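Input: a single structure, listed below in structure tokens.
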Amino acid sequence: ICVGAMALVVVLSAFNGLEDLVRSFYDRFDPDIKIEAVKGKHFEVSEQQFESLCLLQDVDTVAQVLEEKVFLRYGDRESVAMIKGVDAAFPSVTGVKESIRIGTYAFGQEGLLLGMGLAYKLGVYLNEARSSIQVFVPKEGIPRPGQWQDAYRTRRLGPKAVFSIQPDFDDVYALTSLEFCRELLQLPASVSALEVKVAQGASMDAVK
């Protein structure tokens, strides 16, 4: 009975530690609270609404983000990715800054912070990077026959750094400035989410 009970305790302890480890990976990229639209992908936030949210009790930091699926091309390599425009508050809400492995990136400024898996798929090596990455996003509506190039808006950005957290994020995400994403998507005042960091020791349910 003692040996069986001890074995059970050891196994459960190992699973508990593994669960904490996996949760810590997601905590580096996901905020404590994420405010999204009930309907649709984007919504507008006024300065007054944003300031009111920042002043709520037990709210530490609020970041504005704008995400969209895009097509990336670097040289002769291509990949579908999720581009995420973030503001200067983003590294205070998540742990992405501590997960940068190569290069340096100033959050809220132009340039691309690539997930390691995405950088590998595109063949981006920062020490050898000589050209920028093309970013394509579909325009609204149906393109005319034979003019598929008019169906996309395209911009160029230089790769600045590479982060590594875990494959769910590394293989998909490219981070850049919120202003760049708004200009690319032609959504000057919109966000796809407000990401909130709760003050240490505060009740998550109370803040929600």
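For clarity, every value in this text was computed on a predicted model and none was experimentally measured. By convention here, the first residue in the shown sequence is residue 1.
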Table please: side-chain donor-acceptor pairs of residues 196-204 below 3.5 Å, with sequence neighbours left out.
{"unit_1": "S203", "atom_1": "OG", "unit_2": "A206", "atom_2": "N", "d": "3.2"}

A side-chain contact here means heavy atoms from C-beta on lying under 4.5 Å apart; do [X] and [Y] qualify?
| X | Y | answer |
| --- | --- | --- |
| R155 | F180 | yes |
| I35 | L53 | yes |
| L56 | V207 | no |
| S192 | K41 | no |
| S132 | L157 | no |
| T176 | C181 | yes |
| T104 | K160 | no |
| V96 | F107 | yes |

Give the minimum heavy-atom separation between [X] and [Y], together with the two atoms involved.
| X | Y | value |
| --- | --- | --- |
| S177 | G108 | CB-O, 3.4 Å |
| V172 | L118 | O-CD2, 3.8 Å |
| A161 | L126 | CA-CD1, 3.6 Å |
| D87 | V62 | OD2-O, 4.5 Å |
| A89 | A63 | C-CB, 4.1 Å |
| A37 | H42 | CB-O, 4.2 Å |

From [X] [atom1] over to [Y] [atom2], what is the distance, rounded to the nearest 0.5 angstrom?
| X | Y | atom1 | atom2 | value |
| --- | --- | --- | --- | --- |
| L112 | I83 | CG | CD1 | 5.5 Å |
| E78 | I133 | CD | CD1 | 12.5 Å |
| E195 | T61 | CD | OG1 | 12.0 Å |
| M82 | L175 | CE | CG | 11.5 Å |
| E47 | S52 | CD | OG | 11.5 Å |
| I102 | S164 | CD1 | OG | 9.0 Å |

Does [X] reach the main-chain N or O of [Y] with its side chain, forming a donor-acceptor pair under 3.5 Å?
| X | Y | result |
| --- | --- | --- |
| Y120 | V124 | no |
| R182 | S190 | yes |
| D170 | M116 | no |
| R156 | Q134 | no |
| Q49 | S46 | yes |

Using a cut-off of 6.0 Å, state whether more than 12 heavy atoms not belonging to K69 lie near its atom NZ.
no

Over 12 foreign heavy atoms within 6.0 Å of CZ, F43:
yes

Please say yes or no: joined through hydrophobic side-chain contacts below 4.5 Å, possibly via intermediate residues, are [X] and [Y] part of one cluster?
| X | Y | answer |
| --- | --- | --- |
| I33 | F50 | yes |
| V191 | V93 | no |
| V59 | V86 | no |
| V65 | V45 | no |
| V135 | L66 | yes |

Between F29 and Y173, is a ring pair (Phe, Tyr, Trp, His ring centres under 6.0 Å) present by the stated rule, with each step listed?
CA-CA 11 Å; F29 198 84; Y173 276 93; 4.8 Å; yes

Kindly determine whether F163 and F169 satisfy side-chain contact (heavy atoms from CB on, under 4.5 Å), including the steps that lead there.
CA-CA 9 Å; F163 72 87; F169 308 124; 4.3 Å; yes

Audit row: V80, V70, side-chain contact (heavy atoms from CB on, under 4.5 Å) steps and yes/no:
CA-CA 6 Å; V80 175; V70 295; over 6 Å; no

Pair K84-E68, salt bridge (Lys or Arg N to Asp or Glu O under 4.0 Å): steps then yes or no
CA-CA 7 Å; K84 184 169 184 172; E68 187 57 75; over 6 Å; no

